[in-house]
Amino acid sequence: MAHIKATHNQWTIHQLMKKYQYSLRDLEPLTGYSASMLCRLFKGERKIKVKHKQILSKVFQIAEKDIIWPTIK
């Protein structure tokens, strides 16, 4: 990904989805959350809780601290 700085080792959810070629529908069975719920989480319309972070970090096989989590708008 050319737009990521070489010293930057954090990823956004959208970058991870692109890297793994996952759509919201693809993430449904992997997370147990509906595509609409995931969309609200990723857009910052709902707060991402610890349990969400744990599940998503396992799906993307990356540490929670290495993901830039969306914040509530």
Side-chain angles (χ1 to χ4, degrees):
M1 301 199 151
H3 60 281
I4 297 175
K5 295 178 185 176
T7 58
H8 192 288
N9 64 352
Q10 289 188 313
W11 298 75
T12 66
I13 291 292
H14 298 289
Q15 289 169 333
L16 288 167
M17 287 176 65
K18 186 175 180 177
K19 176 183 176 186
Y20 284 84
Q21 298 181 344
Y22 285 155
S23 68
L24 292 173
R25 294 277 179 213
D26 294 331
L27 289 174
E28 277 184 312
L30 300 173
T31 62
Y33 300 118
S34 68
S36 60
M37 173 65 163
L38 291 167
C39 181
R40 289 191 299 270
L41 288 170
F42 297 165
K43 288 172 69 177
E45 295 174 0
R46 301 260 329 229
K47 183 179 181 191
I48 295 184
K49 298 180 180 180
V50 173
K51 65 181 179 179
H52 301 135
K53 290 179 180 181
Q54 291 171 340
I55 290 170
L56 289 165
S57 63
K58 285 181 185 174
V59 167
F60 293 115
Q61 301 172 5
I62 188 170
E64 288 179 44
K65 66 177 178 62
D66 293 332
I67 299 174
I68 300 170
W69 300 101
T71 55
I72 276 232
K73 294 180 182 178

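Quantities reported herein were computed from a predicted structural model and do not represent experimental measurements. The basis for the numbers below is simple: all heavy atoms, side chains too, and nothing from hydrogens, waters or symmetry mates.
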| said: Just to verify, what does Asp66 make a side-chain hydrogen bond (donor to acceptor under 3.5 Å, both in side chains) with, not counting sequence neighbours? | reply: none

| request: Tell me, please, which residues at least two apart from Ser23 pass side-chain hydrogen bond (donor to acceptor under 3.5 Å, both in side chains). | output: Asp26

Separation of [Y] [atom2] from [X] [atom1] (nearest 0.5 Å):
X	Y	atom1	atom2	value
Gln10	Trp69	CD	CH2	11.0 Å
Ile68	His14	CD1	NE2	11.5 Å
Tyr22	Leu16	OH	CG	10.5 Å

When the side chains of residues 28-46 are checked against the rest of the protein, which donor-acceptor pairs come out under 3.5 Å, sequence neighbours left out?
unit_1	atom_1	unit_2	atom_2	d
Glu28	OE2	Arg25	NH1	3.4
Glu28	OE2	Ala35	N	3.0
Thr31	OG1	Leu27	O	2.8
Thr31	OG1	Tyr33	N	3.1
Ser34	OG	Ser36	OG	3.1
Ser34	OG	Met37	N	3.1

| request: Under the side chain to side chain contact (heavy atoms under 4.5 Å, CB included) rule, collect the residues that match up with Lys65, sequence neighbours excluded. | output: Ala63

| field | Qualifying side-chain hydrogen bond (donor to acceptor under 3.5 Å, both in side chains) pairs with a residue from residues 49-60, counting only residues at least two apart or across chains | value | none

| field | Non-hydrogen side-chain atoms of Tyr20 and Gln61 separated by less than 4.5 Å | value | yes

